[in-house]
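Heads up: the structure comes next, in structure tokens.
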Amino acid sequence: MRAAAVHRKDGQRDDDGHGELTAVQAALAAEHAAVYGYGVVGGRITGDRRKEAQEAYDGHRARRDALRRVVRDLGGTPQAAAAAYELPFPVPDAAAAVRLAAELEDRLAAVYADLVRAGGAARRREAAAALREAAVRAVRWRGSGVAFPGLAERAAAAAPSGSASAAAGAL
């Protein structure tokens, strides 16, 4: 996910695509989308998986709220959530909801990998922890992992040419 230009409180723009504020805003936008997506997931599944979806939903809400504070601390104005988000595919049943949850976590891992690259030392540790959590959740939802969570280009390079796992890394 790529963030748009970010306006800081001091009137300066941070639109070079590599700044820490831009990466934090992108992570915030991804968390907004994940909270929305887990609302859809939770509405389609039952039993133990529903509890898992609720825990993920709560975790993403907490990260979203923390990222809002970080954006303010960096001098920015936190990006607001959209009224709705376009899902990557229809989610008519529990099986599709599980696929959506894995997709949400994969997308979050990619955004947090960007924040690891752009952040300062403390932010890098937080982003690495978030990337790890997203990768673990994706494995739980999907039932299998990828070689380099959050780094689709490396996951694709590690897989044999033409394999299903190489195609799965592309968004």
Side-chain angles (χ1 to χ4, degrees), residues 1-41 55-89 100-139 141-142 145-159 165-171:
M1 295 180 177
R2 183 175 164 86
V6 176
H7 295 276
R8 299 185 327 209
K9 288 180 183 172
D10 63 6
Q12 299 293 331
R13 288 171 49 95
D14 179 10
D15 59 359
D16 64 1
H18 302 291
E20 186 172 27
L21 179 58
T22 300
V24 172
Q25 286 279 34
L28 176 58
E31 289 292 0
H32 282 311
V35 168
Y36 179 89
Y38 270 104
V40 173
V41 170
E55 289 170 357
Y57 175 79
D58 291 342
H60 289 301
R61 286 180 60 206
R63 280 216 186 269
R64 176 201 64 195
D65 295 346
L67 287 167
R68 284 181 178 150
R69 289 187 294 276
V70 171
V71 168
R72 283 193 287 277
D73 290 348
L74 290 172
T77 301
Q79 180 174 340
Y85 292 85
E86 183 176 332
L87 299 176
F89 49 81
L100 176 60
E103 176 75 16
L104 292 169
E105 298 299 345
D106 286 341
R107 290 180 183 206
L108 282 163
V111 171
Y112 281 115
D114 290 343
L115 185 52
V116 167
R117 285 187 284 258
R123 199 100 48 239
R124 230 180 270 130
R125 279 189 295 278
E126 294 166 11
L131 190 158
R132 182 182 59 247
E133 289 172 17
V136 168
R137 281 189 187 116
V139 167
W141 286 113
R142 185 182 304 104
V146 296
F148 298 98
L151 302 174
E153 66 277 6
R154 293 200 179 168
S165 57
L171 294 178

Can you give me the closest heavy-atom contact between [X] and [Y], atom names plus distance?
X    : Y    : value
V116 : A128 : CG2-N, 3.6 Å
P88  : L100 : CD-CD1, 3.8 Å
A27  : Y112 : CB-CE2, 3.9 Å
A118 : A23  : CB-CB, 3.7 Å

- [ ] Kindly say whether Q79 contributes a backbone atom to a donor-acceptor pair with the side chain of Q25 at under 3.5 angstrom?
- [x]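 A pair under 3.5 Å: yes.
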
Return the [atom1] to [atom2] distance between [X] and [Y], rounded to the nearest 0.5 Å.
X    : Y    : atom1 : atom2 : value
R123 : L74  : CZ    : CG    : 5.0 Å
R132 : R137 : CZ    : CZ    : 11.5 Å
L115 : R124 : CG    : CZ    : 9.5 Å

Would you check if [X] and [Y] make a side-chain contact, meaning some heavy-atom pair closer than 4.5 Å?
X    : Y    : value
L21  : V71  : yes
R63  : L108 : no
L67  : P78  : no
Y85  : H32  : yes
R107 : L104 : no

TODO: Determine whether the side chains of E105 and H60 contain a donor N or O and an acceptor N or O closer than 3.5 Å.
DONE: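 Yes, because at least one side-chain N or O of E105 sits under 3.5 Å from a partner of the opposite role on H60.
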
